[in-house]
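Step one of this worksheet: look at the structure below.
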2 protein chains.
Amino acid sequence: MTNPRQRTESEPLLTPSEVATLFRVDPKTVTRWAKAGKLTSIRTLGGHRRYRESEVRSLLEGNTNTPVEV
Amino acid sequence: MTNPRQRTESEPLLTPSEVATLFRVDPKTVTRWAKAGKLTSIRTLGGHRRYRESEVRSLLEGNTNTPVEV
DNA sequence: TTCGAGTAGGGTAATTGGGGGA
DNA sequence: TGTGTCCCAATTACCCTACTCG
């Protein structure tokens, strides 16, 4: 699987608990942020949420706008 | 768009670990999705699974329908 | 053929989603 | 208004051994 070319280029994703740890909040709170549209959420086929690491980092720096441009 | 009856489908396939990386889940989870029929799985002669890149990308974008047209 | 890395399988523990209330 | 906590059901992660891929 060691392909020299970069196939399947994608962006790193974070789990709810990882985001919760970064913000020092409860994972439920992160879920509410996603529900409220304050955070972009990518769902797995099982219904669980994954979050964009780039967006989370921007939010951690105090950015309240939407820096989503991938 | 130049899409006749494709008999010898040469669509790019992804390994379980590649799909798992895209969704930020465990390779075993991707296997469960294939078992549950949520993901189209192509088996090798040895029993290993391969997944359609186009379907995986559609699922990542939030598409829950079935873009499989073969 | 040999070999390293990945995968399938089964089982069990941990995480997550959803609703509701403090 | 926003967050933490309780419940239950579902999903996911990690453990192992044996087999397959390239």
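If you're wondering where the values come from, they're calculated on a predicted model, not measured in any experiment. In what follows, chains are A, B, ... by sequence order, proteins preceding strands, each numbered from 1.
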Review point. Is there side-chain contact between Leu60(B) and Phe23(B), with heavy atoms separated by less than 4.5 Å?
Key: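 Yes, close enough: below the 4.5 Å cut-off.
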**Study point:** Beyond-backbone contact of Thr44(A) with Arg50(A), side-chain heavy atoms, under 4.5 angstrom
**Key:** yes
What is the distance, rounded to the nearest whole Å, between atom [atom1] of [X] and atom [atom2] of [N]?
X        : N       : atom1 : atom2 : answer
Arg43(B) : dT20(D) : CZ    : C1'   : 12 Å
Glu18(A) : dA13(D) : CD    : P     : 11 Å
Arg50(B) : dG22(D) : CZ    : C1'   : 10 Å
Leu14(B) : dT7(C)  : CG    : P     : 11 Å
Ile42(B) : dT7(C)  : CD1   : P     : 15 Å
Tyr51(B) : dG6(C)  : OH    : P     : 16 Å
His48(A) : dT15(C) : NE2   : P     : 12 Å

Point to revise | Inter-residue atom distance Leu14(B).CG - Leu22(B).CG, 0.5 Å rounding | key: 6.5 Å
Check your understanding: If you look at every heavy atom in Leu59(A) and Lys38(A), which pair is closest and at what distance?
Key ->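 Heavy-atom minimum between the residues: CD2-O, 4.1 Å.
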Point to revise | Listed partners of Ser41(B) passing side-chain contact (heavy atoms from CB on, under 4.5 Å), at least two apart | key: Ala34(B), Arg49(B), Tyr51(B)
**Study point:** Sidechain N-carboxylate O distance under 4.0 Å for Glu53(A), Arg57(A)
**Key:**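 Salt bridge present between Glu53(A) and Arg57(A).
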Can you tell which of [options] lies closest to the side chain of [X]?
X        : options                   : answer
Lys35(A) : dT7(C), dG17(C), dG19(C)  : dG19(C)
Ser17(B) : dG19(C), dG6(C), dA13(D)  : dG6(C)
Trp33(B) : dT12(D), dG18(C), dG6(C)  : dT12(D)
Thr15(B) : dT20(D), dT7(C), dT16(C)  : dT7(C)
Thr44(A) : dG17(C), dT20(D), dT12(D) : dT12(D)

Review point. What side chain to side chain donor-acceptor pair (under 3.5 Å) pairs are there with at least one residue in residues 14-31 of chain A, not counting sequence neighbours?
Key: Thr15(A)-Ser17(A), Thr15(A)-Glu18(A), Glu18(A)-Arg24(B)
Point to revise | Phosphate-side-chain proximity, Arg49(A) and dG18(C), N/O vs OP1/OP2 below 4.0 Å | key: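 Yes, such a contact exists.
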Exercise for review: Give a yes/no on whether any side-chain N or O of Thr31(B) is located under 4.0 angstrom from OP1 or OP2 of dG9(C).
Suggested key: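 Answer is no, no contact under 4.0 Å.
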Review point. Would you write out the dot-bracket form of DNA chain C, 5' to 3', with Watson-Crick and G-U pairs under 3.5 Å, [ ] for crossing pairs, | for pairs to other strands and . for unpaired bases?
Key: ..|||||||||||||||||..|
Scan nucleotides 5-8 of chain D against the protein and return all N/O pairs shorter than 3.5 Å with their distances rounded to 0.1 Å.
residue	atom	partner	partner atom	Å
dT5(D)	O4	Arg32(A)	NH2	3.3

Practice item. Quick one: list whatever passes salt bridge (Lys or Arg N to Asp or Glu O under 4.0 Å) with Arg32(B), sequence neighbours left out. Key: none
**Study point:** N/O donor-acceptor pair under 3.5 Å between Glu11(A) side chain and Arg52(A) backbone
**Key:**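 No; judged by distance alone, with no hydrogens or angles, the pair does not exist.
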